[in-house]
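Step one of this worksheet: look at the structure below.
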There are 2 protein chains.
Amino acid sequence: MRAEALKGHLDGLLLAALEDGPRHGYAVKEALRDATDGKLDLPTGTVYPALHRLEQAGLISGSWVVVAGRRRRTYELTEDGRRSLKGARDNWQEFAAVVSTALRGAPWPATS
Amino acid sequence: MRAEALKGHLDGLLLAALEDGPRHGYAVKEALRDATDGKLDLPTGTVYPALHRLEQAGLISGSWVVVAGRRRRTYELTEDGRRSLKGARDNWQEFAAVVSTALRGAPWPATS
DNA sequence: CGCTATAGGTAGCAACGCTACGTATAGGAG
DNA sequence: CTCCTATACGTAGCGTTGCTACCTATAGCG
């Protein structure tokens, strides 16, 4: 998968991974990997800063938990986050439709 | 459409717009707009630099033409461009499938 | 004569995902 | 006991890239 391809679509994926309950960052990364059959294996340097952005934006809220001597930052969706996820899904639908149409090519208006 | 959404997907769209014959930059912009029912109305500041990039990369080749006293830069796909377009379509298919899957959410692995 | 559509262009910016690191603990392999 | 891997979090800096805002110029119409 090309590096730039994800730009602007990552946030929705992260929100979706938190939709059915709280998860910590590493688990989000794994959830996305598992759900996509390994095809979406995000580097941690992508996941953590993105989660920080989302928290900053108020779309998720995080809290520290200690499990088996390891500290975890657990995130859950806020109400805004839920709304944003819905918006992200709608946007994706439209975006995908537009790109699919334009990429398919035909029928182009006659070449002038 | 969110600004960042297109990142990494523009090149394929431009190549697709040139698939069935040479077009100049402005016509490429119009072709994409018309083909997507006005939903993909790229600013010229996006189109022209992108075409320059594609020419630089050897995916399209351009030449100046004068039509009705107006100079036009007409582009056509190179062989590399045709290959790249094919690759872009394949990548898009995979990318769209992955994002659609992850965005849909279910079924996530059990929350640990 | 002014306005719009057509046609091309650039400079500079902002966003954002990635690479390459660094820290630390738990647990199994040897 | 030690080493290695998986788990878990983090940041600095970079490169790409589309966009905003602007500029130039011609054709054609009111």
Side-chain angles (χ1 to χ4, degrees), chain A residues 1-15 17 22-34 40-57 59-60 62-75 88 95 98-99 102 109 112, chain B residues 1-15 17 22-34 40-57 59-60 62-75 88 95 98-99 102 109 112:
Chain A
M1 190 122 47
R2 288 229 15 272
E4 303 289 334
L6 253 190
K7 293 244 173 169
H9 306 286
L10 177 62
D11 292 4
L13 301 180
L14 297 175
L15 293 175
R23 270 203 171 87
H24 59 283
Y26 199 83
V28 166
K29 169 180 147 68
E30 287 188 306
L32 288 172
R33 171 165 49 71
D34 294 349
L40 189 69
D41 197 1
L42 301 172
T44 66
T46 291
V47 174
Y48 292 121
L51 288 172
H52 298 336
R53 274 200 300 270
L54 292 176
E55 190 178 18
Q56 200 71 23
L59 304 183
I60 61 179
S63 56
W64 286 107
V65 183
V66 174
V67 176
R70 245 194 292 263
R71 82 198 219 286
R72 288 178 178 174
R73 183 92 179 148
T74 297
Y75 295 101
F95 173 75
V98 165
V99 173
S112 47
Chain B
M1 188 122 48
R2 289 231 13 276
E4 303 289 333
L6 255 189
K7 293 242 173 170
H9 305 286
L10 177 62
D11 292 4
L13 301 181
L14 297 175
L15 294 176
R23 269 204 171 84
H24 60 282
Y26 199 83
V28 167
K29 169 180 149 65
E30 287 188 307
L32 288 171
R33 171 164 50 71
D34 295 349
L40 190 69
D41 196 1
L42 301 172
T44 66
T46 293
V47 174
Y48 292 121
L51 288 172
H52 298 335
R53 274 201 298 270
L54 292 176
E55 190 177 17
Q56 201 70 22
L59 304 183
I60 60 179
S63 56
W64 286 107
V65 182
V66 175
V67 176
R70 244 194 291 266
R71 80 201 219 285
R72 288 178 177 172
R73 183 90 180 153
T74 297
Y75 295 101
F95 174 74
V98 165
V99 173
S112 45

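Numbered from 1 within each chain, the chains take letters A, B, ... in sequence-line order.
Distance, A:Leu6 CG to C:dG17 P: 7 Å, rounded to whole Å. Rounded to whole Å, atom P of D:dA6 lies 10 Å from atom CZ of A:Arg33. At whole-Å resolution of the value, CG in A:Leu42 and P in D:dC9 are 14 Å apart. The distance from atom CG of B:Asp41 to atom P of C:dT6 is 11 Å, rounded to the nearest whole Å. Computed from coordinates, the B:Phe95 CZ to C:dG17 P distance equals 10 Å when rounded to whole Å. Computed from coordinates, the A:Tyr26 OH to D:dG10 C1' distance equals 14 Å when rounded to whole Å. Rounding to whole angstrom units, NE2 of residue B:His9 and P of D:dT17 are separated by 12 Å. Rounded to an integer number of Å, the gap from A:Leu10 CG to C:dC18 C1' is 11 Å.
A 4.5 Å side-chain heavy-atom check between B:Lys7 and A:Leu6 finds every atom pair outside the cut-off. The shortest distance between side-chain heavy atoms of A:Leu42 and A:Val28 does not fall below 4.5 Å.
Here A:Arg73 lies in heavy-atom contact (under 4.0 Å) with sugar-phosphate atoms only.
Within residues 43-55 of chain A, the residues that have a heavy atom under 4.0 Å from DNA chain C are, in order of number, A:Pro43, A:Gly45, A:Thr46, A:Arg53.
Listed nucleotides: C:dG17, C:dA26, C:dG8. Nearest to the side chain of B:Trp64: C:dG8. Checking C:dA14, D:dC9, C:dA26 against every side-chain atom of B:Lys7, the shortest atom distance belongs to C:dA14. Closest to the B:Tyr75 side chain, of the nucleotides C:dA5, C:dG9, C:dG17, is C:dG9.
For B:Thr44 against B:Pro49, the heavy-atom pair with the smallest separation is O-CD, 3.8 Å. The shortest non-hydrogen separation linking B:Leu40 to A:Ala102 is CD2-CB, 4.5 Å. Pairing each heavy atom of B:Ile60 with each of B:Leu51, the nearest pair is CD1-O, 3.5 Å.
Taking OH of B:Tyr75 as the reference point, atom NE2 of B:His52 lies at 5.0 Å (rounded to 0.5 Å).
Between B:Phe95 and B:His9, the ring planes lie tilted relative to each other; the angle falls in the 30° to 60° range.
Listed pair A:Arg71 / D:dC9 fails the phosphate criterion, with no side-chain N or O lying under 4.0 Å from OP1 or OP2.
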